[in-house]
Protein chains: 2
Amino acid sequence: MRFFMALAETLHFGRAAERMNMSQPPFSRQIAMIERTLGVKLFERNSRSVALTPAGKHFMEDCRNVLGQFEDACRDVRLVASGMKGELRLGFMMHAAHSVVPELVQLYAKARPDVRLVLDERTPTEIDEMLVAGTLDAAVTFDCGYAPHLQTVLLARERLRIIMREDHPLATVGQIYPEKLREEKVIAAPAATAPALRSAINSYFSAKGIVPHVVLEPRLQHTIIQLVAKGLGVALIPASLCTGMGTGLISRTLTDAPQLDVVLRAPMTTKNPAVSAFMEIGKSIQRTSL
Amino acid sequence: MRFFMALAETLHFGRAAERMNMSQPPFSRQIAMIERTLGVKLFERNSRSVALTPAGKHFMEDCRNVLGQFEDACRDVRLVASGMKGELRLGFMMHAAHSVVPELVQLYAKARPDVRLVLDERTPTEIDEMLVAGTLDAAVTFDCGYAPHLQTVLLARERLRIIMREDHPLATVGQIYPEKLREEKVIAAPAATAPALRSAINSYFSAKGIVPHVVLEPRLQHTIIQLVAKGLGVALIPASLCTGMGTGLISRTLTDAPQLDVVLRAPMTTKNPAVSAFMEIGKSIQRTSL
DNA sequence: TACGATCAATGCTTTCAGGGTATCAGATGG
DNA sequence: CCATCTGATACCCTGAAAGCATTGATCGTA
């Protein structure tokens with residue numbers, strides 16, 4: 001096709017051959033072969049002039065397209081391999097949607113506008129499974145410790161706060177000691193859904209020798225807040241979620257509040273070259289937020 | 001690219017090679033060469049499994065497009081060469097627009113829906129020039145006799161009628177003898193514009209020894225009718241133009257009315273393969289109209 | 001754990017597709 | 001009529017790429 005285009009544009013075998021870095025005789029043969037293969041005369045030629053047939057004129061348009069798309073494909077595959085283009089599937093837990101994810105996504109979209117970000121909100125356990133399954137390229141979740149096959153970037157530290165209805169007896173207290181919660185009904189996600197969060201809550205109580213009354217274990221953070229609003233108990237949630245919960249709910253600082261690490265994680269052996277830049281953005285956020 | 005697609009679809013070197021009608025070792029080398037040329041790893045492979053990298057997955061989409069367009073281009077160029085697709089520039093004189101051209105165009109568009117018809121209304125002399133220059137592929141015009149480099153299909157025979165204002169003295173006569181026109185002011189296109197038409201008119205008069213008073217010589221048939229409507233003279237025009245001239249004008253039969261052949265013409269040596277089918281349609285119209 | 005089966009990679013040989021040089025043949029202009 | 005330009009042909013030769021045989025790695029299985 002490049003041979004054909006060279007001749008179609010120059011209408012001169014010698015110059016077209018030169019453009020293709022070859023001598024005229026083999027070039028003539030190539031053109032003849034193309035015509036023979038297609039079974040179509042593309043050029044009307046005698047020893048003094050070369051002209052396109054109607055079929056050749058039409059073919060020229062098509063060739064221009066095909067060659068252009070071919071070049072684009074070769075360029076793009078290099079861009080994808082370099083991580084400048086492609087797709088990145090990012091999982092994140094609901095807590096992160098309110099804090100670090102928007103900033104992370106915005107910065108990355110600016111740095112890599114041609115990478116399509118597929119966002120997928122999941123529970124922490126789902127995230128872990130999807131990371132090892134390869135369904136996700138990276139994820140924002142709580143640090144649940146040991147994970148040798150994952151690379152980890154610390155994004156932020158979040159303290160837990162307690163939330164309750166504004167008509168709750170403890171609402172008048174400014175800062176709440178754990179002992180005050182001995183008799184409270186607590187709502188918390190099950191360990192199977194959010195191990196890091198749940199274990200932080202459990203440790204917080206057990207350090208004071210308290211066994212919390214966990215009355216409800218919804219899987220979604222959203223549901224927990226709703227249930228607290230209905231007056232079914234109190235809950236310990238990350239500080240970043242305590243703004244804009246809606247009316248009727250208040251949050252209070254906890255004494256020696258448990259701290260959770262929000263991390264960006266990706267498989268060590270990821271094949272997606274778009275991930276590394278994403279991890280770098282994560283590190284830059286870490287520097288500004290800690 | 002076909003090698004790449006074969007492997008991307010089968011994910012198995014042996015089967016992909018078989019699909020490409022070659023043995024596995026050279027096929028492996030081809031894939032390796034593609035990766036080396038692009039500088040991009042397209043497959044993740046060990047001795048037990050083959051998988052696409054993200055770059056490979058992206059490249060697969062692009063390759064599918066490029067190969068598809070390539071196939072289309074090869075198919076289309078054959079269609080253009082066979083006359084099933086392409087473009088046909090048809091010239092025609094204004095008289096023909098009212099008679100045979102619509103039918104011709106409609107029949108051809110039905111038979112060759114992928115040929116784009118470019119219609120170009122011109123005066124007969126312009127048409128002749130454009131046919132030899134190759135600006136037109138075919139044309140509907142009056143038969144002006146000798147034209148050895150043109151192929152000709154007779155489409156219809158048209159008698160001339162005379163038109164005049166309805167308040168003209170001759171308007172009361174049903175059929176008009178040429179002698180009656182001896183004193184009339186006649187409006188007719190110049191011989192340089194419509195030689196066949198003008199010479200038919202001239203012969204008609206000179207056969208009776210009359211020299212017509214040609215008072216105005218507009219180039220366009222449209223103008224002639226307008227001038228007759230203004231009462232500036234009478235005119236001899238093809239019968240097919242006499243319907244729907246607008247109010248105030250009438251047409252009358254001429255005794256021994258001159259006859260003109262409306263023909264479809266194309267260069268003998270036309271390179272446009274869409275023309276031959278067009279000439280065939282012309283022949284079929286001839287059979288029905290004569 | 002050892003063996004066989006599977007599958008991609010590698011080494012070696014061979015062939016022909018395709019490039020180069022020389023030349024021919026037809027057309028054009030001085 | 002000759003010089004020149006241009007595309008086509010004839011012939012040769014190189015190296016890209018195909019085939020065959022083999023290796024090496026990884027499973028599954030006895």
Side-chain angles (χ1 to χ4, degrees), chain A residues 1-57 59-60 63 67 70 74 81 132-134 149 269 271, chain B residues 1-57 59-60 63 67 70 74 81 132-134 149 269 271:
Chain A
M1 277 190 160
R2 293 182 54 241
F3 289 171
F4 168 77
M5 284 301 289
L7 183 56
E9 284 172 2
T10 62
L11 294 178
H12 188 289
F13 277 79
R15 278 187 278 280
E18 188 180 9
R19 184 187 292 191
M20 293 295 102
N21 302 311
M22 58 165 65
S23 59
Q24 173 262 321
F27 182 82
S28 287
R29 277 197 301 264
Q30 287 296 329
I31 295 294
M33 164 122 87
I34 292 169
E35 291 185 324
R36 194 150 19 89
T37 308
L38 289 175
V40 171
K41 256 214 153 8
L42 298 171
F43 296 97
E44 210 60 54
R45 51 191 181 278
N46 52 46
S47 45
R48 292 306 284 181
S49 70
V50 179
L52 281 163
T53 61
K57 220 169 277 180
F59 195 52
M60 194 172 147
C63 281
L67 289 175
F70 175 78
C74 293
V132 301
H149 59 290
T269 64
K271 293 304 168 193
Chain B
M1 278 192 160
R2 294 182 54 240
F3 289 173
F4 168 78
M5 284 302 288
L7 183 56
E9 284 171 2
T10 62
L11 294 178
H12 188 290
F13 277 78
R15 278 187 278 280
E18 189 180 9
R19 185 188 292 193
M20 293 294 102
N21 301 312
M22 60 166 68
S23 59
Q24 172 262 319
F27 182 82
S28 287
R29 278 195 296 264
Q30 286 295 330
I31 295 294
M33 162 122 88
I34 292 170
E35 292 185 324
R36 193 149 21 87
T37 308
L38 290 175
V40 171
K41 254 211 153 13
L42 299 171
F43 297 97
E44 211 59 56
R45 51 189 181 278
N46 52 46
S47 46
R48 294 306 286 180
S49 70
V50 179
L52 281 163
T53 62
K57 221 170 276 181
F59 195 52
M60 194 172 145
C63 281
L67 289 176
F70 175 79
C74 294
V132 299
H149 58 291
T269 64
K271 293 302 168 195

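The model shown is predicted, which means the values in this text are computed figures rather than measured ones. Labels below follow one simple rule: chain letters A, B, ... track the order of the sequence lines, proteins then strands, and each chain is numbered from 1.
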**Student:** Separation of B/F13 atom CZ from D/dA25 atom P, in whole Å?
**Tutor:** 17 Å
**Student:** Looking at A/S28, I'd like to know whether one of its side-chain N or O atoms comes within less than 4.0 Å of OP1 or OP2 on D/dG7.
**Tutor:** no
**Student:** Tell me the interatomic distance from A/R45, atom CZ, to C/dA25, atom C1', rounded to whole angstroms.
**Tutor:** 15 Å
**Student:** How close or far is atom P of C/dT28 from atom CG of A/N46, stated in whole angstroms?
**Tutor:** 7 Å
**Student:** Determine whether any donor atom in the side chain of B/R29 lies under 3.5 Å from an acceptor atom in the base of D/dG19, or the reverse, and answer yes or no.
**Tutor:** yes
**Student:** Where the side chain of A/Q30 is defined as all heavy atoms beyond and including C-beta, which of D/dA18, D/dG7, C/dG19 is the nearest nucleotide?
**Tutor:** C/dG19
**Student:** Once you round it to whole Å, what is the distance between P of D/dA8 and CZ of A/R36?
**Tutor:** 12 Å
**Student:** Would you please indicate if the ring centroids of B/F43 and B/F59 are separated by under 6.0 Å?
**Tutor:** no
**Student:** D/dA17, D/dG19, C/dG20: which one has an atom nearest the side-chain heavy atoms of B/M22?
**Tutor:** D/dG19
**Student:** Contact between A/V50 and A/R45 at the side-chain level, heavy atoms closer than 4.5 Å - yes or no?
**Tutor:** yes
**Student:** Write down the distance between CD (B/E18) and P (C/dC7), rounded to a whole number of angstrom.
**Tutor:** 12 Å
**Student:** When all nucleic acid strands are considered with a 4.0 Å heavy-atom cut-off, which category describes A/M33: base, sugar-phosphate, or nothing?
**Tutor:** sugar-phosphate
**Student:** Would you find a donor on one side and an acceptor on the other, under 3.5 Å apart, between the side chain of B/E35 and the backbone of B/L42?
**Tutor:** yes
**Student:** Tell me the interatomic distance from A/I34, atom CD1, to C/dG18, atom C1', rounded to whole angstroms.
**Tutor:** 13 Å
**Student:** Given C/dG19, D/dT6, D/dA17, identify the nucleotide with an atom nearest to the side chain of A/P26.
**Tutor:** C/dG19
**Student:** If you check the B/Q24 side chain, which of D/dA18, C/dG19, C/dA9 turns out closest?
**Tutor:** C/dA9
**Student:** Choosing from C/dT10, D/dA8, C/dA9, which nucleotide comes nearest the side chain of A/P25?
**Tutor:** D/dA8
**Student:** Could you check B/R48 against B/N21 and say which one's nearest nucleotide on DNA chain D is further toward the 5' end?
**Tutor:** B/N21
**Student:** Please report the shortest heavy-atom distance between A/L7 and A/F13, naming the atom on each side.
**Tutor:** CD2-CZ, 3.6 Å
**Student:** Quick check: are there more than 12 heavy atoms from other residues, nucleotides or ligands sitting under 6.0 Å from CZ of A/F70?
**Tutor:** no
**Student:** How close or far is atom C1' of D/dC5 from atom CZ of A/R15, stated in whole angstroms?
**Tutor:** 10 Å
**Student:** In whole angstroms, how far is the C1' atom of D/dT6 from the CZ atom of A/F27?
**Tutor:** 14 Å
**Student:** Closest to the A/S23 side chain: D/dG19, D/dA10, C/dT21?
**Tutor:** C/dT21
